[in-house]
Amino acid sequence: MPTSPASVTELLERCALIAGLTLGQLAAQLQVPVPADLRREKGWTGQLLEMALGATAGSQAVQDFPELAVELKTLPIDQYGKPLESTYVCVAPLTGATGQQWQESWVCRKLSRVLWLPVLAERHIAPAERIIGQGFLWQPSPDEAALLQQDWEELMELIAFGRLDQIKGAHGKVLQLRPKAADSKALTAAIGPDGRPVQSLPRGFYLKSQFTAAILQQQFALAHR
DNA sequence: ACGTGATCATCC
DNA sequence: GGATGATCACGT
């Protein structure tokens, strides 16, 4: 069981070591069973790679590598390097976050330094055969940060004014709000249209795949110039 | 129930 | 084919 990396350099070295391996090969090294599909283990890939890299946070609400201030995100991609899914960031505070500033938000902090780890994960490829790509460290550019902040402020304002029901996944340019729950019947406290407390479906912030696609494109260009 | 890891399944 | 809403497992 890998220990937690002492530095960002060491973390990136570990990424280089596993790049090119299949998930099956890595799972064998770590003595982890591989599911035939991910229908009942949707987080399996992320948890396997957390283990391989020595992440310690588990299900705690902190970054994956707290000492390094690095958040790990696996990114399922197709053969052309395009993301297959949006990227979950964190749960959305539906109460008690009115007046919060962007810089102190959970979204901002989690996205301040991300280790992206692409995995070739087209659906026709069995989990064991999926190939680990080259991980890389990313920090939002000023432009990217501005886009994220704008979307976050817009969504948080709607939440604070009790307009949660009007928020669809289509809201936001790069950041979206979508259900994040066991099922559509899950309930959590939120603010109603009249400002009074109501119960509603828990939501999470997600990065739209077009945004992560741009990050990958930029990284690809950097790596090949 | 909440937050972690996300992908599934269906609709357009 | 891509995006949106729904869902699965686990630890706390």
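Letters A, B, ... are given to chains in the order of the sequence lines, protein chains preceding strands, and every chain is numbered from 1.
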task = Might you point out which heavy atoms bring A:R203 and A:L177 nearest each other, and give the distance in Å?
result =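 Heavy atoms only, the tightest pair is CB-CG, 3.7 Å.
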
inquiry  = Which heavy atom of A:V91 sits nearest to which heavy atom of A:F205, and what is that distance?
reply    =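 Shortest heavy-atom separation between A:V91 and A:F205 comes out as O-CD1, 4.1 Å.
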
[N] OP1/OP2 closer than 4.0 Å to side-chain N/O of [X]:
X: A:T74; N: B:dA6; answer: yes
X: A:T45; N: B:dG5; answer: no
X: A:R123; N: B:dC8; answer: yes
X: A:T87; N: B:dA6; answer: no
X: A:K73; N: B:dG5; answer: yes
X: A:S184; N: C:dG5; answer: no
X: A:Q210; N: C:dG2; answer: no
X: A:Q60; N: C:dG11; answer: no

What is the nucleic acid contact for [X], judged by heavy atoms within less than 4.0 Å: base, sugar-phosphate only, or nothing?
X: A:K168; value: sugar-phosphate
X: A:Q199; value: nothing
X: A:A61; value: sugar-phosphate
X: A:L187; value: sugar-phosphate

State which of [options] makes the closest approach to the side chain of [X].
X: A:D183; options: C:dT7, C:dA6, B:dG3; result: C:dT7
X: A:R40; options: B:dG5, C:dA9, C:dT7; result: C:dA9
X: A:R39; options: C:dT7, B:dC8, C:dT4; result: B:dC8
X: A:R178; options: C:dA3, B:dG5, C:dT4; result: C:dT4
X: A:P179; options: B:dT7, C:dT7, B:dG3; result: C:dT7
X: A:K82; options: C:dG2, B:dG3, C:dA6; result: C:dG2

If I take atom [atom1] in residue [X] and atom [atom2] in nucleotide [N], what distance separates them, rounded to the nearest angstrom?
X: A:D37; N: C:dT7; atom1: CG; atom2: C1'; answer: 14 Å
X: A:Q176; N: C:dA3; atom1: CD; atom2: C1'; answer: 8 Å
X: A:Y88; N: B:dC2; atom1: OH; atom2: P; answer: 12 Å
X: A:R203; N: B:dA1; atom1: CZ; atom2: C1'; answer: 16 Å
X: A:L38; N: C:dA9; atom1: CG; atom2: P; answer: 12 Å
X: A:I77; N: C:dG2; atom1: CD1; atom2: P; answer: 14 Å
X: A:L75; N: B:dA6; atom1: CG; atom2: P; answer: 10 Å
X: A:L115; N: B:dG5; atom1: CG; atom2: P; answer: 13 Å

Quiz question: going by heavy-atom distance under 3.5 Å, is there a donor-acceptor pair between the base of [N] and the side chain of [X]?
X: A:Y206; N: C:dA3; value: no
X: A:K42; N: B:dT4; value: no
X: A:K208; N: C:dG2; value: no

key: Test: A:D37 and A:R39 ion pair at under 4.0 Å   =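 Between A:R39 and A:D37 there is a salt bridge, with a charged N closer than 4.0 Å to a carboxylate O.
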
task = With DNA chain C as reference, determine whether A:Q47 or A:L177 sits nearer its 5' end, using the nearest nucleotide of each.
result =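 Checking each residue's closest nucleotide, the 5'-ward one belongs to A:L177.
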
inquiry  = Here's a test of your reading of the structure: between A:G43 and A:A170, which maps to the more 5' nucleotide of DNA chain C?
reply    =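 Closer to the 5' end of DNA chain C: A:A170.
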
Do the side chains of [Y] and [X] get nearer than 4.5 Å, heavy atoms only?
X: A:P83; Y: A:L216; answer: yes
X: A:Y88; Y: A:S86; answer: no
X: A:K208; Y: A:V174; answer: no

inquiry  = Within the supplied structure, the quantity of interest is the number of heavy atoms (other residues, nucleotides, ligands) at a distance under 6.0 Å from A:E153 CD; does it exceed 12?
reply    =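 Yes, the 6.0 Å shell around CD holds more than 12 heavy atoms from other groups.
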
Closest-nucleotide ordering on DNA chain B, the 5'-leading residue of A:P76 and A:K110 =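 That would be A:K110.
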
